[in-house]
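Okay, so here's the structure we're looking at.
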Amino acid sequence: MKKSTVKAVKAPATAKKAPAKIVKKPAAAPVKRAAAPAVKASSSKSSPTVITALIDIGFGNTLYVRGEGPGLSWNVGVPLDCATDDKWTISLPGAGKSILFKLLVNDITWSIGPDYVAASGEKVTVAPNF
């Protein structure tokens, strides 16, 4: 019996290689940053500004405030709370600067006169005219 010999055949050097697969790496997760340490606010920034308006605007009406300051806008008013028939109040969160405001009946009719100014954390009482 004869032994058969098998020779390995190499591919010719000119054979083309299959293109390499492009593997996309998953997007890196955003880096989580540590929160900044809490800074204790000064007492003037942490105490609210309280505005009290002394006026009777009639049953069924509501007094509003508009202006510049925390939670205020010149475009849309924020209603005050009716404490008594002729006393309206609102407490605005502390701010680092003065609050400029004006009062309106039913968020329509502006009070007469210049804008009011309240320092941050101050309790202000006004008597608007309409």
Side-chain angles (χ1 to χ4, degrees):
M1 228 169 139
K2 283 188 170 181
K3 285 187 179 179
S4 61
T5 58
V6 178
K7 290 185 179 181
V9 178
K10 289 186 178 179
T14 60
K16 293 183 179 179
K17 293 184 181 179
K21 289 184 179 178
I22 299 175
V23 179
K24 292 184 179 180
K25 293 182 182 180
V31 177
K32 291 184 180 179
R33 298 181 186 210
V39 178
K40 188 174 181 179
S42 67
S43 61
S44 65
K45 287 186 179 181
S46 62
S47 60
T49 301
V50 179
I51 299 170
T52 302
L54 302 177
I55 187 166
D56 184 354
I57 57 171
F59 182 76
N61 294 309
T62 303
L63 195 62
Y64 285 77
V65 62
R66 292 188 190 189
E68 295 174 9
L72 295 180
S73 161
W74 287 112
N75 299 323
V76 177
V78 177
L80 280 76
D81 296 318
C82 183
T84 63
D85 290 343
D86 61 351
K87 185 176 180 182
W88 298 81
T89 62
I90 189 167
S91 180
L92 302 170
K97 59 182 182 175
S98 296
I99 296 172
L100 187 64
F101 66 96
K102 193 116 179 174
L103 299 169
L104 297 90
V105 174
N106 297 326
D107 206 23
I108 298 170
T109 308
W110 293 82
S111 62
I112 300 170
D115 298 340
Y116 297 102
V117 179
S120 178
E122 186 178 31
K123 292 182 180 181
V124 178
T125 301
V126 297
N129 291 312
F130 291 91

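Scanning both residues, Ser120 and Gly96, for their nearest heavy atoms gives OG-N, 4.3 Å. For the residue pair Ala118 and Thr49, the shortest heavy atom distance occurs at CB-CG2, 4.0 Å. Considering every non-hydrogen atom in both Ser111 and Pro128, the closest pair reads CB-CB, 4.0 Å. Nearest heavy-atom pair, Ser91 versus Pro48, reported as atom, atom and distance to 0.1 Å: OG-CB, 3.3 Å. Nearest heavy atoms, Leu63 versus Ala53: CD2-CB, 3.5 Å.
With a 4.5 Å cut-off on side-chain heavy atoms, Phe101 and Ile51 count as touching. Using a 4.5 Å heavy-atom cutoff, the side chains of Thr62 and Trp88 are in contact. Val78 places none of its side-chain heavy atoms less than 4.5 Å from the side chain of Ser73. Trp74 has its side chain within reach of Leu100: a pair of non-hydrogen atoms, C-beta onward, lies under 4.5 Å apart.
How far CD1 of Ile57 is from CG of Asn106: 6.0 Å, rounded to the nearest 0.5 Å. A distance of 8.0 Å separates CH2 in Trp110 from CG in Asp115, rounded to the nearest 0.5 Å. The line from CG of Asp56 to CG of Asn61 is 9.5 Å long, rounded to the nearest 0.5 Å. One distance of note links OH of Tyr116 with CD1 of Ile99; it measures 15.0 Å at 0.5 Å rounding. One distance of note links CG of Leu80 with CG of Leu103; it measures 6.5 Å at 0.5 Å rounding.
The salt bridge (charged side-chain N to carboxylate O under 4.0 Å, His left out) test applied to Asp81 returns no partner, not counting sequence neighbours. Applying the side chain to side chain contact (heavy atoms under 4.5 Å, CB included) rule to Thr52 yields the partners Val50, Leu54, Lys87, Thr89, Thr125; only residues at least two apart in sequence or on another chain are considered.
A donor-acceptor distance shorter than 3.5 angstrom exists from the side chain of Asp107 to the backbone of Gly77, with no hydrogens or angles considered.
Note on Ile55: it does not cluster hydrophobically with Tyr64, by side-chain heavy-atom contacts below 4.5 Å among ILVMFWY residues. If you chain together hydrophobic residues whose side chains sit under 4.5 Å apart, Val65 and Leu104 never meet in one group.
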